[in-house]
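This chain uses plain numbering: 1 for the first residue, then up along the sequence. Please read all numbers here as calculations on a predicted model, not as lab measurements.
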Amino acid sequence: QVQLVESGGGLVQPGGSLRLSCAASGSVVSVNAMGWYRQAPGKERELVAGISGGGITNYADSVKGRFTISRDNAKNTVYLQMSSLKPEDTAVYYCNAYIFPRSPALWDYYWGQGTQVTVSS
C-alpha cells in the first residue's frame with residue numbers, strides 16, 4: 001500500500017513562516033507530479049502549488065512570491081515553504097502525488113491525511 005504522510009502544520013502568527021513536508025512510502029515504484037492543496041471551512045479544495053517530476057512548478061496566484069514548493073526525489077518527499085503567512089492561508093493542507101505502486105501496477109493519484117495550518121494572532 002502507498003501512504004502519504006504530512007507533517008509541519010501548526011499555529012503561526014501573521015507574517016510568520018511554516019514548512020510542510022509530505023513523504024510517500026510503502027510500495028512506491030515511481031512518483032511523478034506532486035502538489036499541495038488546501039481546504040478552508042466552507043470552501044472547496046484548491047490547488048496551492050504543484051511540481052512536476054522534472055521540477056517544473058506552478059502556484060496559485062494567491063501564494064505566488066510567498067510559498068515555495070520543492071521536492072527530494074531520493075526521499076519521495078515534497079515540501080512547501082510558506083512565508084509571509086496571512087489569516088486567509090488558514091486551512092487544512094493536503095499533499096497529493098501521482099504514483100506508480102508495485103500493486104496495483106497502475107499510475108494513480110494519492111492523498112495525504114491533511115495537516116492543519118492556522119494563521120492567527
Side-chain angles (χ1 to χ4, degrees):
Q1 291 185 346
V2 171
Q3 290 183 321
L4 292 179
V5 180
E6 299 140 341
S7 60
L11 173 64
V12 64
Q13 292 187 341
S17 299
L18 279 176
R19 188 193 194 208
L20 305 182
S21 299
C22 172
S25 63
S27 61
V28 175
V29 174
S30 184
V31 182
N32 198 326
M34 304 184 83
W36 290 94
Y37 289 72
R38 67 186 181 188
Q39 188 167 19
K43 294 188 177 181
E44 294 186 353
R45 190 173 297 190
E46 63 175 357
L47 175 67
V48 176
I51 184 166
S52 71
I56 297 173
T57 60
N58 64 288
Y59 297 91
D61 288 343
S62 58
V63 307
K64 283 180 181 177
R66 300 188 298 120
F67 291 10
T68 302
I69 189 169
S70 61
R71 64 189 291 166
D72 184 334
N73 291 331
K75 296 180 179 180
N76 289 332
T77 298
V78 63
Y79 306 96
L80 186 67
Q81 178 66 47
M82 305 184 292
S83 303
S84 302
L85 282 161
K86 305 175 181 180
E88 50 263 43
D89 294 317
T90 295
V92 177
Y93 283 70
Y94 297 91
C95 172
N96 176 265
Y98 195 48
I99 293 173
F100 190 91
R102 280 192 288 272
S103 179
L106 295 169
W107 285 98
D108 203 356
Y109 288 97
Y110 292 82
W111 290 92
Q113 79 284 358
T115 185
Q116 177 70 46
V117 171
T118 302
V119 184
S120 175
S121 55

So how far is it from Arg71 CZ to Thr57 OG1, rounded to the nearest 0.5 Å? 11.5 Å
Heavy-atom closest pair (Gln81 atom, Ser17 atom, distance to 0.1 Å) is NE2-CB, 4.0 Å
Please tell me whether Val5 and Val28 are part of a single hydrophobic cluster in this structure, the criterion being side-chain heavy atoms less than 4.5 Å apart. no
Enter the distance from Gln1:CD to Ser103:OG here, rounded to the nearest 0.5 Å. 10.0 Å
Does Glu88 have more than 12 heavy atoms from other residues, nucleotides or ligands lying within 6.0 Å of its CD? yes
What distance do Cys22 atom SG and Gln3 atom CD have between them, rounded to the nearest 0.5 Å? 11.0 Å
Minimum heavy-atom separation for Pro14 and Ser121, please, with both atom names. CD-N, 3.7 Å
Using side-chain contact (heavy atoms from CB on, under 4.5 Å), reason through Glu6 and Leu20 one step at a time and then give a plain yes or no. CA-CA 7 Å; Glu6 299 140 341; Leu20 305 182; over 6 Å; no
Hydrophobic clusters here meaning ILVMFWY residues chained together by side-chain heavy-atom distances under 4.5 Å, can you tell me if Val2 and Tyr94 are in one? no
Tightest non-hydrogen contact, residues Leu4 and Ala97, listed as CD1-N, 3.9 Å
With rounding to the nearest 0.5 angstrom, report the CD to CD distance, Gln39 to Glu44. 8.5 Å
Under the salt bridge (charged side-chain N to carboxylate O under 4.0 Å, His left out) test, which residues partner Arg66, sequence neighbours left out? Asp89
Please report the closest heavy-atom contact between Arg38 and Ser62, naming both atoms and the distance. NH2-OG, 3.4 Å
Using every non-hydrogen atom in the two residues, find where Leu18 and Gly8 come nearest and quote the distance to one decimal. CD2-O, 3.8 Å
Go through the steps for Cys95 and Trp36 under the test side-chain contact (heavy atoms from CB on, under 4.5 Å), then give the verdict. CA-CA 5 Å; Cys95 172; Trp36 290 94; 4.0 Å; yes
Correct closest heavy-atom pair for Asn58 and Ile51 would be OD1-N, 4.5 Å
Would Leu80 end up clustered with Leu85 when hydrophobic side chains under 4.5 Å apart are linked, directly or stepwise? yes
Give me each pair satisfying ring-ring contact (aromatic ring centres under 6.0 Å, His included) with a member in residues 56-75, each pair once, sequence neighbours excluded. none
Are Asn73 and Val31 close enough, and set up right, to give a side-chain contact (heavy atoms from CB on, under 4.5 Å), and what steps lead you there? CA-CA 8 Å; Asn73 291 331; Val31 182; over 6 Å; no
Kindly indicate whether the side chain of Asp72, heavy atoms from C-beta on, has any atom under 4.5 Å from the side chain of Tyr79. yes
